[in-house]
Amino acid sequence: MRQARLRADCARPGARYHLSMVRAYDVVAVEKKWRERWATEGTYEVDADDPRPPWYVLTMYPYPSGPAHMGHVRNYTFGDLLVRHRTMLGHAVLSPFGFDSFGLPAENAAIRTGMHPRTFTDARIAELKESITALGAVYDWRREVRSHDPSYIRWTQLIFLRLLAAGLAYRANAPVNWCPGCQTVLANEQVLADGTCERSGDVVVKRDLEQWFFRITDYADELLAGLDDLDWPERVKTMQRNWIGRSEGAEMDLPVEGRDGSDGRPPLVLRVFTTRPDTAFGMTYAVLAPEHPLVDEVTTPAQRAAVEELRARAAAASDIERTSESGGASALEKRGAFTGASVVNPFTGTAVPLYVADYVLMGYGTGAIMAVPAEDARDWDFAQAHGLPVIRTVRPPEGWDEHGGPDGGPGGAYTGTGEKINSAWLDGLDVVTAKRRAIEWLEAEGKGSRKVNYRLRDWLVSRQRFWGCPIPVVTCETHGIVPVPESELPVLAPDDVEFRPTGESPLATHAGFLNTTCPICGGAARRETDTMDTFVDSSWYFLRFCDPWSTDRPFDPDVVAHWMPVDQYIGGIEHAILHLLYARFFMKALGDVGLAPAELREPFARLFTQGMIRMDGSKMSKSRGNLVAPSAYLATVGADALRLFHLAVGPPADDVDWTAQTDSIIDGCARFLDRVWRLGADEVDGEAARRTGAETEDDVAIRRATHRLIDRVTRDYERWSYNTAVAACRELVNTLVPYCADPHAGVLGDAVDTLLLLLAPMVPHVTAELWERRHGDDIHLRAWPVSDPALSAEQVVTMVVQVNGKVRDRLDVPPDIDEAAAEALALASPRVEDVLGGVAPRRVIVKPPKLVNVVV
RNA sequence: GCCCGGGUGGCGGAAUGGCAGACGCGAUGGACUCAAAAUCCAUUGUCCGAAAGGGCGUGCGGGUUCGAGUCCCGCCCCGGGCACCA
């Protein structure tokens with residue numbers, strides 16, 4: 001092996017990477033050997049009756065888009081490292097893998113090529129599986145799941161039916177987001193802030209359609225409260241909190257003037273939601289959303305034309321136009337029209353004008369507001385534009401009207417705290433108290449009540465696509481919507497389908513699929529042609545992984561209770577809201593319908609979001625066409641070096657820039673592994689005969705360095721600081737190489753063994769090979785090393801001596817030196833005496849054993 | 001506009017309020033070689049100095065402290081999220 005000279009040119013045409021180094025060992029052969037070993041020996045297959053304590057590591061299952069790219073490599077390297085590390089720590093580690101295999105790309109490919117999405121998808125899965133395995137990532141492949149597998153579809157459909165039975169799934173007509181590119185509706189979560197589709201980038205339009213929803217809003221409070229106890233990145237939790245958007249306030253009724261019922265017409269009241277009931281005395285007008293059902297009713301003939309024009313414009317405008325044209329500070333762009341009607345302020349009995357304006361949204365609260373320009377910036381802008389009065393109900397800070405505004409200009413709405421004014425019986429109170437009193441008054445008078453509102457909407461799950469899990473219901477002429485009996489699941493899409501360029505789902509026109517019979521009466525019925533959002537599949541796959549063999553239910557709750565929650569979940573920040581919120585909802589809902597353990601409320605105890613790979617300033621992705629294929633690296637430097645690169649380059653949570661320098665850094669990783677190889681295989685050039693017997697001072701220093709390394713690396717693994725763990729290992733190697741000139745056999749052997757154990761989770765192949773040569777057994781079944789405190793403790797430390805905060809001397813001292821000795825030693829330093837020049841210290845700060853600071 | 005991150009050598013990055021720049025990449029010089037590759041050794045923030053040594057340095061301006069990359073206040077720049085949610 002010493003003579004092995006691998007001239008590894010990059011064989012693939014177009015690959016960027018070219019290795020010109022001569023390697024110390026046959027990387028490709030070694031890595032292949034161990035990959036096969038792990039697979040045939042089932043090293044990482046575990047069962048629920050394993051006596052070791054369970055530990056569940058999960059990396060988000062991928063959409064199978066073909067061979068792995070660098071983002072996958074990075075992702076699965078972190079996950080695999082944890083699996084191997086936890087195993088060495090003595091856990092039974094559940095490490096499953098699967099594929100999120102429903103989705104639009106396969107259907108688009110079918111439209112393009114005529115190939116059935118299943119054929120296409122299975123081919124992509126084979127490629128991805130192959131390249132993930134080539135990284136040396138280990139999984140319990142017996143547990144593999146694929147969303148599109150009939151044995152998975154069956155349970156996804158059963159879950160749907162149970163949710164339907166529990167009232168957590170329902171069908172409703174609603175204004176929905178329609179993506180013309182994807183030819184389907186989207187959930188709110190799948191529409192980006194600029195009003196485009198997160199998948200296709202097309203501008204999403206509003207349509208009224210009958211759709212299926214999951215009642216996620218029933219869980220809004222629990223989804224919010226549950227976040228507090230999760231060991232997740234704060235930023236992800238904040239994003240979920242904002243998305244749920246809980247706000248407390250009150251609803252109250254504003255009687256429409258002249259519509260008290262005395263003229264025979266039914267009485268008319270306008271219900272509004274506000275978070276600031278304390279400001280009601282400052283209401284100077286009210287506003288309806290353009291889509292509000294009362295608009296027609298209240299608009300006077302004189303105003304009808306203007307109101308109609310506004311509504312037409314609002315309806316035509318997409319959300320982007322509506323926000324971009326009128327967003328921002330400019331008051332004049334707030335578009336609205338007077339209805340001609342007035343509403344009565346229940347607090348004052350005063351009538352104020354009622355407007356229609358597009359800055360009020362039908363989808364939130366009641367779609368109508370009381371407007372208080374003095375204490376709301378949007379109302380202020382609108383009031384300015386329409387010449388409406390302002391009544392302050394909170395005393396603004398001194399000088400607010402002169403310089404309280406932006407850039408010290410004139411102040412506008414004041415939304416802060418302060419003393420209530422102009423508010424009758426609320427005057428003199430603070431805002432919080434006034435808010436409470438106002439609500440109490442509303443409830444006592446029967447004019448309103450406390451109300452909590454959420455930004456969160458129910459989850460729209462139906463998709464007008466073919467390549468998804470069919471929704472298992474039929475529509476019967478007499479019985480309406482009827483669930484398919486559970487015994488008849490799964491409902492599978494037919495194979496003999498034709499994909500049209502229009503993008504229309506073939507299910508909608510396939511007579512054999514469409515025509516069926518009603519499970520209740522046996523009469524003619526029509527199948528539901530919508531399929532489920534693929535986020536439904538990914539909302540429970542981690543539960544199926546626990547018990548993928550279950551044939552009578554999706555999974556055994558007891559087995560799930562054994563493994564769940566996932567101890568460490570790893571994935572991209574892009575799922576901060578979508579997948580992670582849906583999966584949390586599913587965990588709660590499945591518990592409540594009796595499928596999952598009821599007490600298991602949260603699926604993922606810890607979450608880590610790794611950084612993405614950027615190239616030329618943008619995310620490396622297939623759609624941007626800037627992928628760097630790992631294959632060229634795997635065939636040359638090998639998986640270990642590529643893994644090491646991702647671990648060493650920086651903190652795992654940070655983004656990585658793929659630059660012209662990157663290949664050199666990867667070469668450096670390969671170089672390091674070569675050095676480890678030479679140490680482990682006793683091939684260090686010029687290595688002398690090894691001593692035995694008594695250990696010298698230098699030998700003990702190596703022992704100490706080895707044990708300190710155990711402490712450092714162990715701590716770094718715990719805090720996800722792999723870059724510093726790698727750096728620490730490199731330091732030891734840098735120390736060991738010169739030490740090999742005159743090594744003590746036992747000391748060197750222990751040092752190298754320790755190094756291999758610490759590196760094993762990071763670079764599993766090369767460490768396994770060296771360990772086998774040295775000891776004959778499998779390093780990955782060995783225990784994680786533990787340091788000897790007597791050896792890992794520092795023997796001498798460098799004490800810094802400062803004069804006025806500037807370092808003037810460094811002294812070697814024992815780590816347990818006391819204050820008096822440290823001070824005496826510092827003051828006796830010739831260099832310190834020199835700088836002091838006879839001046840007596842004014843004060844001496846002593847922090848043994850690290851520092852003495854002499855102040856003059 | 002609001003809410004989070006972040007700004008440290010040529011580059012990626014280290015640093016429980018206590019030696020700024022660990023480790024690596026790149027660069028420079030040297031050993032080995034006919035030569036190259038690989039390998040090994042040394043140097044590498046910046047300025048002054050032959051050297052010893054010293055000055056200056058963590059986006060900018062203040063502050064707290066014996067001592068600040070780290071804590072506080074006010075800015076600037078970069079990245080991300082949210083954005084008429086009443």
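Labels below follow one simple rule: chain letters A, B, ... track the order of the sequence lines, proteins then strands, and each chain is numbered from 1.
- Judged by Watson-Crick or G-U wobble contacts below 3.5 Å, the nucleotide B:rG9 has no partner.
- Comparing B:rA15 with B:rA52, their P atoms are spaced 31 Å from each other, to the whole Å.
- Here A:Lys806 does not reach the OP1 or OP2 of B:rG53: none of its side-chain N or O atoms lies under 4.0 Å away.
- Here A:Val855 lies in heavy-atom contact (under 4.0 Å) with sugar-phosphate atoms only.
- Nearest to the side chain of A:Tyr364, among B:rC23, B:rA86, B:rC66, sits B:rA86.
- A:Arg831 comes within 4.0 angstrom of the backbone, heavy atoms only, and of no base.
- Taking a cutoff of 4.0 Å between a charged side-chain nitrogen and a carboxylate oxygen, A:Asp253 and A:Lys447 do not qualify as a salt bridge.
- Taking the charged nitrogens against the carboxylate oxygens, A:Glu234 and A:Arg241 do have a contact shorter than 4.0 Å, which makes a salt bridge.
- Nucleotide B:rG69: unpaired (no Watson-Crick or G-U wobble partner with both distances less than 3.5 Å).
- Checking B:rC82 for Watson-Crick or G-U wobble geometry (two distances, each under 3.5 Å) identifies B:rG1 as its partner.
- Classification of A:Arg712 and A:Glu731 as a salt-bridged pair holds, one side-chain N sitting under 4.0 Å from a carboxylate O.
- Pairing for B:rU58 is absent, judged as Watson-Crick or G-U wobble with the two contacts each under 3.5 Å.
- The glycosidic torsion of B:rG9 lies within 90° of 0, placing the base in the syn range.
- Across the strands present, B:rU16 finds no partner; the criterion is a Watson-Crick or G-U wobble pair with both atom distances under 3.5 angstrom.
- As judged by a 4.0 angstrom heavy-atom cut-off over every strand, A:Gly365 is placed among residues making no nucleic acid contact.
- Of the side-chain N and O atoms in A:Arg671, one or more sit less than 4.0 angstrom from OP1 or OP2 of B:rC25.
- Phosphate proximity of B:rC40 to A:Arg675: present, with a side-chain N or O under 4.0 Å from OP1 or OP2.
- Considering only side-chain atoms of A:Val807, the nucleotide from B:rG53, B:rC19, B:rA14 that sits closest is B:rC19.
- A sub-4.0 Å separation between OP1 or OP2 of B:rG24 and a side-chain N or O of A:Asn734 is present.
- When the C1' atom is compared between B:rG10 and B:rC73, the two are found 35 Å apart, to the nearest whole Å.
- Checked options A:Leu224, A:Leu580, A:Leu223, A:Leu456; the residue passing with A:Gln240 is A:Leu580 (criterion: side-chain contact (heavy atoms from CB on, under 4.5 Å)).
- The side chain of A:Phe273 lies closest to B:rA86 when the candidates are B:rA86, B:rA15, B:rC19.
- Both A:Ile573 and A:Glu234 lie close to RNA chain B; mapped to their nearest nucleotides by heavy-atom distance, the more 5′-ward contact belongs to A:Glu234.
- Applying the 4.0 Å criterion to OP1 and OP2 of B:rA86, one finds that A:Ser247 has a side-chain N or O inside that range.
- For B:rC19, the OP1/OP2 oxygens have no side-chain nitrogen or oxygen of A:Arg808 closer than 4.0 Å.
- Judged by atom type and distance alone, A:Arg810 reaches the base of B:rC19 through a side-chain donor-acceptor pair under 3.5 Å.
- For B:rG12, neither phosphate oxygen OP1 nor OP2 lies less than 4.0 angstrom from any side-chain nitrogen or oxygen of A:Asn723.
- When heavy atoms are screened at a 4.0 angstrom cut-off, A:Gln802 is found touching base atoms of the nucleic acid.
- Closest to the A:Gln661 side chain, of the nucleotides B:rC82, B:rG24, B:rU39, is B:rG24.
- For the P atom pair drawn from B:rG61 and B:rA68, the interatomic distance equals 15 Å after rounding to whole Å.
- Taking only side-chain atoms of A:Ile665, from C-beta outward, the nucleotide of B:rG24, B:rA86, B:rA22 with the closest atom is B:rG24.
- Taking the six-membered ring for Trp and the full ring otherwise, the centers of A:Phe645 and A:Tyr633 sit at least 6.0 Å from each other.
- For A:Arg730, whose side chain is taken as the heavy atoms from C-beta onward, the closest listed nucleotide among B:rC25, B:rC23, B:rG18 is B:rC23.
- By the 30° and 60° cut-offs, the orientation of the rings of A:His386 relative to A:Phe382 is parallel.
- The aromatic rings of A:Tyr717 and A:Tyr722 stand perpendicular to each other, their planes meeting at an angle above 60°, with 30° marking the opposite boundary.
- A:Lys237 comes within contact range of no nucleotide atom at all, as no heavy-atom separation falls under 4.0 Å.
- Of all nucleotides listed (B:rG81, B:rA83, B:rG67), B:rG67 comes nearest to the side chain of A:Asn853.
- Under the Watson-Crick or G-U wobble criterion, with both distances below 3.5 Å, B:rC34 has no partner in any strand shown.
- Projected onto RNA chain B by closest heavy-atom contact, A:Val726 and A:Asp674 fall at different nucleotides, the more 5' of which corresponds to A:Val726.
- Within 4.0 Å (heavy atoms only), A:Arg712 reaches no atom of the nucleic acid at all.
- Base pairing analysis places B:rG53 opposite B:rC48; the two distances defining the Watson-Crick or G-U wobble pair are each below 3.5 Å.
- The side chain of A:Leu851 sits closest to B:rG18 out of B:rG12, B:rA15, B:rG18.
- For A:Arg455 and B:rA83, the shortest distance from a side-chain N or O to OP1 or OP2 is below 4.0 Å.
- A cation-pi arrangement, defined by a distance under 6.0 Å to the six-membered ring centre and an angle within 45 degrees of its axis, is present between A:Arg730 and A:Phe672.
- The pairing partner recorded for B:rG29 is B:rC41, the criterion being a Watson-Crick or G-U wobble arrangement whose two distances lie under 3.5 angstrom.
- Among the heavy atoms of the strands, none lies under 4.0 Å from A:Arg246.
- Between A:Arg235 and B:rC4 there is no side-chain polar atom (N or O) within less than 4.0 angstrom of OP1 or OP2.
- In the set B:rC66, B:rA83, B:rC25, the nucleotide with an atom closest to the side chain of A:Ile845 is B:rC66.
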